[in-house]
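Okay, so here's the structure we're looking at.
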Amino acid sequence: MTEQRHRTIRSYVLRKGRLTTAQQHALDELWPYYGIERGGTVLDFSDHFEREADVVLEIGFGNGESTWQMAQQEPEKNFVGVEVHKPGVGHLLMALEEYGIENVRIACEDAVPFVQRRIADGSLAGVRIYFADPWPKKRHHKRRIVQPDFVSQLSRCIATGGVLHLATDWRPYAEHMLEVMQESDDFVNLSTHGDYCERPEWRPFTKYEKRGEKLGHEVFDLLYRRV
């Protein structure tokens with residue numbers, strides 16, 4: 001009888017983007033301060049931040065443009081960013097140094113197992129997932145990160161009253177996320193119409209979004225409070 005191996009479905013594909021010299025230097029010099037090393041134990045955020053504060057997790061921060069801006073605009077919060085692509089991590093590290101931002105820490109790994117294994121119950125004040133890969137082809141829909149099982153993990157990690165904020169410029173993905181979230185009893189939609197919200201002031205208007213606007217892309221923000 002042939003043994004069948006279970007293949008983990010990933011929500012991303014590792015791009016082959018090359019690290020610039022500056023990004024590699026940032027990884028070498030700044031990672032020891034800002035980085036969260038891989039591990040199998042639950043994180044104690046006080047080991048990484050020099051203060052006690054609400055912690056917001058950003059998943060898939062890309063080049064970190066939103067991350068450093070949010071951290072700068074919300075200095076009373078601590079931010080943990082998760083991203084698999086090293087060039088993006090290097091880019092964010094450079095920005096943190098340039099702007100003197102202290103309230104960000106970074107994990108360079110797959111967000112799904114990171115959330116499952118490293119985040120304690122009720123330890124987050126919020127989770128933000130902006131412009132994740134929409135995987136538009138039907139056969140790839142299972143790769144979308146917003147799925148019922150992952151939403152259950154997020155509900156475990158987010159404290160009562162915390163906010164889950166999703167954003168996309170792909171309408172079919174927005175509809176998918178709306179459908180998934182409607183099935184969860186752990187969250188209430190903050191939209192007065194039961195669907196999408198106006199962009200909250202804490203989400204920066206990024207270059208990515210501006211480029212999408214020029215291409216005629218409509219942006220959808222979905223906000224849910226943990227109950």
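Between R105 and E50 no salt bridge is recorded (no basic side-chain N to carboxylate O distance below 4.0 Å). We find that E209 and R203 are joined by a salt bridge, their nearest charged nitrogen and carboxylate oxygen being less than 4.0 Å apart. Salt bridge annotation for E74-K77: present, with a cationic side-chain nitrogen under 4.0 angstrom from a carboxylate oxygen.
Between the CZ atom in R226 and the CG atom in L124 there is a gap of 11.5 Å [rounded to 0.5 Å].
Put simply, the side chain of R171 never gets that close to the backbone of E175: no donor and acceptor are under 3.5 Å apart. A distance-only check finds a donor-acceptor pair linking the side chain of Q23 to the backbone of T20 [under 3.5 Å]. Distance alone, capped at 3.5 Å, places no donor-acceptor pair between the R118 side chain and the V42 backbone. A donor-acceptor pair under 3.5 Å links the side-chain atoms of E83 to the main chain of H85, judged by distance alone. For the pair H91 (side chain) and G64 (backbone), a donor-acceptor distance under 3.5 Å is absent. A donor-acceptor pair under 3.5 Å is formed between the side chain of R225 and the backbone N or O of G161.
With F61 as the partner, the side-chain contact (heavy atoms from CB on, under 4.5 Å) test is satisfied by one option alone out of I129, I106, V82: I106.
Listed by first and then second residue, the side-chain hydrogen bond (donor to acceptor under 3.5 Å, both in side chains) pairs that reach into residues 29-41 are W31-E37, Y33-E102, sequence neighbours excluded. Each side-chain hydrogen bond (donor to acceptor under 3.5 Å, both in side chains) pair with one or both residues in residues 148-163, not counting sequence neighbours, appears once here: D121-R156, Q153-R156, S155-D186.
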Intermediate values then yes/no, side-chain contact (heavy atoms from CB on, under 4.5 Å), L19 and L27: CA-CA 10 Å; L19 283 163; L27 285 165; 3.7 Å; yes
Evaluation steps, side-chain contact (heavy atoms from CB on, under 4.5 Å), between D169 and E218: CA-CA 5 Å; D169 64 343; E218 186 178 2; over 6 Å; no
CA sep, side-chain torsions, deciding dist, call: N103, R51, side-chain contact (heavy atoms from CB on, under 4.5 Å): CA-CA 9 Å; N103 57 330; R51 63 175 187 170; 3.5 Å; yes
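For the pair Y224/L190, no side-chain contact is recorded, criterion being any heavy-atom separation below 4.5 Å from C-beta on. Using a 4.5 Å heavy-atom threshold, the side chains of F187 and M181 count as touching.
Other residues, nucleotides and ligands place no more than 12 heavy atoms under 6.0 Å from the CG atom of D185. Within 6.0 Å of the CD atom in E76, the count of heavy atoms belonging to other residues, nucleotides or ligands exceeds 12. The local environment of CD in Q116 is crowded, with over 12 non-hydrogen atoms from other residues, nucleotides or ligands closer than 6.0 Å. Counting non-hydrogen atoms of neighbouring residues, nucleotides and ligands closer than 6.0 angstrom, the CD atom of E179 reaches no more than 12 such neighbours.
When only modelled atom types and interatomic distance are considered, H165 and Y130 share a side-chain donor-acceptor pair under 3.5 Å. Side-chain contact of N189 with S191: a donor-acceptor pair under 3.5 Å is absent, judged by distance alone.
Here the closest non-hydrogen pair linking G35 and H48 is O-ND1, 4.4 Å. Closest approach of W202 to M70, counting heavy atoms only: O-CG, 3.2 Å. L223 and C197 get closest at one heavy-atom pair: CD1-CB, 3.8 Å. Considering every non-hydrogen atom in both F150 and I59, the closest pair reads CZ-CD1, 3.7 Å.
Between Y173 and H176, a ring centre-to-centre spacing shorter than 6.0 Å is recorded.
Tracing side-chain contacts under 4.5 Å through hydrophobic residues (I, L, V, M, F, W, Y), one reaches L30 starting from L96; they form part of the same cluster.
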